[in-house]
Amino acid sequence: MSKDKPEYLINRKDNQYEVVIGLEVHAQVTSESKLFSTSSTKFGAEPNTQVSLVDAALPGMLPVINEFCVKQAIKTGIGLKAKINKRSVFDRKNYFYADLPQGYQISQFKDPIVGEGKVILDMPDGQKEVGIERLHLEQDAGKSIHDLDPKNTFVDLNRSGVALMEIVSKPDLRSPDEVNAFVKKLRSIMRYLGTCDGNMQEGSLRADVNVSVRRKGTKEFGTRCEIKNVNSIKFMQMAIEYEANRQVDLIEDGQSIDQETRLFDTKKNETRSMRSKEDAHDYRYFPDPDLLPLEVSDDFIEKLKLEIPELPDEKKKRFIEKFKLSPYEATILVSDNETSNYFENVIKKSDVKLATNWIIGELFAALNEKNLEITESPISAGNLSKLINLIKDGTISGKIAKTVFEHMMEGDKDPKKIVEEKGLKQESDPKALEALIDKVIDDNREKATEYKSGKVKLFGFFVGQVMKVSGGKANPQLVNEILKKKL
Ligand code: ADP
Ligand code: MG
């Protein structure tokens, strides 16, 4: 991009263009064994230790469909409010690659197992619906390793044959932020369902990102480029920004966009051409003669529906109605099952409003700082509710509670014990407070006179002094009341 042009044209104020994005998400099915063999799918094993004769494509080996993976795909379809196709077909997608010993990938082309569905995004200015085009089952390929040896490429077939769900969105996304929300929501739904762990570092969730631009107000879509295999949300967003701007530059230059497949270079932060877009017929798709069409009954689907847990959208609705949370608070608390479970455990025995604030505020900040997940929280839900009750019944002030909270973060200790051991109990005895207040007024005679002659702003000064002398333990409400009387 030339230097005299603004870096991000699509972010430009007089922005004439709109970016259009559609994702093809590859989600690894949570399953102990592969799609057509009994080999383990465990991550991180020694190379080529989880490869059956089927996965290595030795002659004469026949694939056998793993029923569990089929159930996982249907459950995901139900979670996406999608149409489940009772009849689907496995096709061979033919291409040559060193880490694809069969010479074809078994996938679904014309008749996928799941049809149209939708995902609801919670954006700052309201909800947005993104269409799902389809979800199909397919095998993953093996892995070529180019950086272990200067002269040779190694092939690890552990991943060969692992089940993937390819989830294709409609071109409904309009910004990197929406892509962020979409991937997170999709991941959250699959985690609730237990159908994909969504672990992007381990490659369980990655996406091909289709990007085009068009002049605002135009009905027709522009020509798209497809950025292959992006494995982090951050990279997806960076790739979209770069790609949209590249396309706008070309159009402004009077050139046209070639439909092509591109790669995102994470070091240079740019996309570059891999190959011009191949057509479906180049893959010579045809139904795999080794596999019968996959047929499932209504009964089979109905039984799976009974296994579907409460999903994020429904849970959010319940949290708002039952606990009177704001949509913002509810969205955060339902983002994953572990967080919502933690929240529901805390409020079993304590005030909802306080619990919400403490979890979203203090707890998340503290966990973030220590880089911990909610499941690794040093403070158990039970102890957090005890802390909240100590605030609620006036044993400690909100300020002291923060100190107690810090001690709790160092290990899961009962807050009552911490309050006792450190002598942090709030002073709510009016007699004791009066004595303190008398002393503060006595020590600040001049200011007291000024206050009485009309300098009311000094009231805050006196409250501060009393709190200081009490080591932060004086009950602020009582201090206010007594001070008013005394002054
Ligand atoms: P292919 O296999 O050729 O990539 P798919 O139908 O599997 O085709 O995927 C097409 C993807 O591209 C979908 O996610 C779709 O939403 C998206 N898409 C289609 N047209 C456009 C466009 N003009 N701009 C951006 N994305 C698009
Ligand atoms: Mg594609």
Side-chain angles (χ1 to χ4, degrees), residues 10 17-27 73 80 82 85 88-95 104-119 121 128-139 141 164-183 185-186 205-230 233 236-237 239-248 250-251 256-264 271 273-285:
I10 58 165
Y17 291 88
E18 171 177 62
V19 60
V20 172
I21 308 145
L23 295 189
E24 296 159 78
V25 175
H26 297 267
L80 299 175
N85 293 326
S88 64
V89 175
F90 285 105
D91 297 288
R92 289 187 179 180
K93 180 180 183 182
N94 299 280
Y95 61 98
Y104 58 85
Q105 176 192 31
I106 306 179
S107 181
Q108 298 188 306
F109 185 51
K110 277 207 216 96
D111 302 294
I113 187 162
V114 175
E116 291 189 339
K118 63 180 178 197
V119 170
L121 309 187
K128 159 155 188 160
E129 187 178 309
V130 175
I132 296 295
E133 183 76 44
R134 60 190 269 149
L135 176 159
H136 67 252
L137 275 169
E138 64 184 26
Q139 311 173 289
L164 299 178
M165 297 180 277
E166 177 166 332
I167 303 165
V168 182
S169 87
K170 304 214 170 187
D172 287 346
L173 297 157
R174 292 290 175 274
S175 69
D177 281 346
E178 289 187 1
V179 168
N180 175 39
F182 175 74
V183 176
K185 188 62 175 281
L186 191 61
L205 194 71
R206 45 196 204 261
D208 301 339
V209 184
N210 294 273
V211 180
S212 67
V213 296
R214 62 178 171 188
R215 272 193 180 273
K216 279 189 177 156
T218 328
K219 270 234 173 82
E220 287 189 1
F221 288 142
T223 305
R224 71 180 152 118
C225 288
E226 177 177 353
I227 308 156
K228 275 282 171 201
N229 220 4
V230 191
I233 295 177
M236 288 177 202
Q237 296 185 299
I240 292 163
E241 294 247 32
Y242 178 87
E243 184 56 23
N245 289 309
R246 186 186 71 88
Q247 294 181 13
V248 170
L250 281 174
I251 294 169
S256 62
I257 312 292
D258 291 331
Q259 189 178 340
E260 59 182 359
T261 304
R262 299 178 70 85
L263 263 188
F264 182 60
T271 64
S273 184
M274 244 171 103
R275 54 173 185 254
S276 70
K277 180 67 191 175
E278 69 289 327
D279 277 322
H281 61 251
D282 290 337
Y283 287 119
R284 306 287 195 277
Y285 276 103

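Keep in mind that what you see is a predicted model, and the values were worked out from it rather than measured. Atoms within each ligand, like the ligands themselves, are counted from 1 in listed order.
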J.: Just say parallel, tilted or perpendicular for the rings of Y95 and Y283, cut-offs at 30° and 60°.
T.: perpendicular
J.: Between R224 and N210, do the side chains contain a donor N or O and an acceptor N or O under 3.5 Å apart?
T.: yes
J.: For ligand 1, which atoms, with element, lie under 4.0 Å from some heavy atom of G222?
T.: 23 (N)
J.: Please could you name the atoms of ligand 1 that K170 approaches to less than 4.0 Å, counting only its heavy atoms?
T.: 16 (O)
J.: Within the 3.5 Å criterion, strictly below it, is a donor on Q237 or E241 matched to an acceptor on the partner's side chain?
T.: no
J.: Can you figure out which of R224, E133, E226 has its heavy atom closest to atom 8 (O) of ligand 1?
T.: R224
J.: In ligand 1, which numbered atoms sit nearer than 4.0 Å to a non-hydrogen atom of G22?
T.: 14 (O), 16 (O), 17 (C), 26 (N)
J.: Tell me whether R246 is salt-bridged to E260, with the criterion being a basic N under 4.0 Å from an acidic carboxylate O.
T.: yes
J.: Report yes if the side chains of L80 and I167 come closer than 4.5 Å at any heavy-atom pair, otherwise no.
T.: yes
J.: Just which atoms of ligand 1 are under 4.0 Å from any heavy atom in F221?
T.: 23 (N)
J.: Show which atoms of ligand 1 fall inside a sub-4.0 Å distance from at least one heavy-atom site of V20.
T.: 24 (N), 25 (C)
J.: Could you list the residues that satisfy ring pair (Phe, Tyr, Trp, His ring centres under 6.0 Å) with F182, not counting sequence neighbours?
T.: none
J.: Going by distance only, is there an N or O of T223 that falls short of 3.5 Å from an N or O of ligand 1?
T.: no
J.: With sequence neighbours left out, what residues match K118 under salt bridge (Lys or Arg N to Asp or Glu O under 4.0 Å)?
T.: none
J.: Select the closest option to atom 6 (O) of ligand 1 among L23, D208, V168, judged by heavy-atom distance.
T.: V168
J.: Please work out which of P171, C225, S169 has its closest non-hydrogen atom nearest to atom 13 (C) of ligand 1.
T.: S169
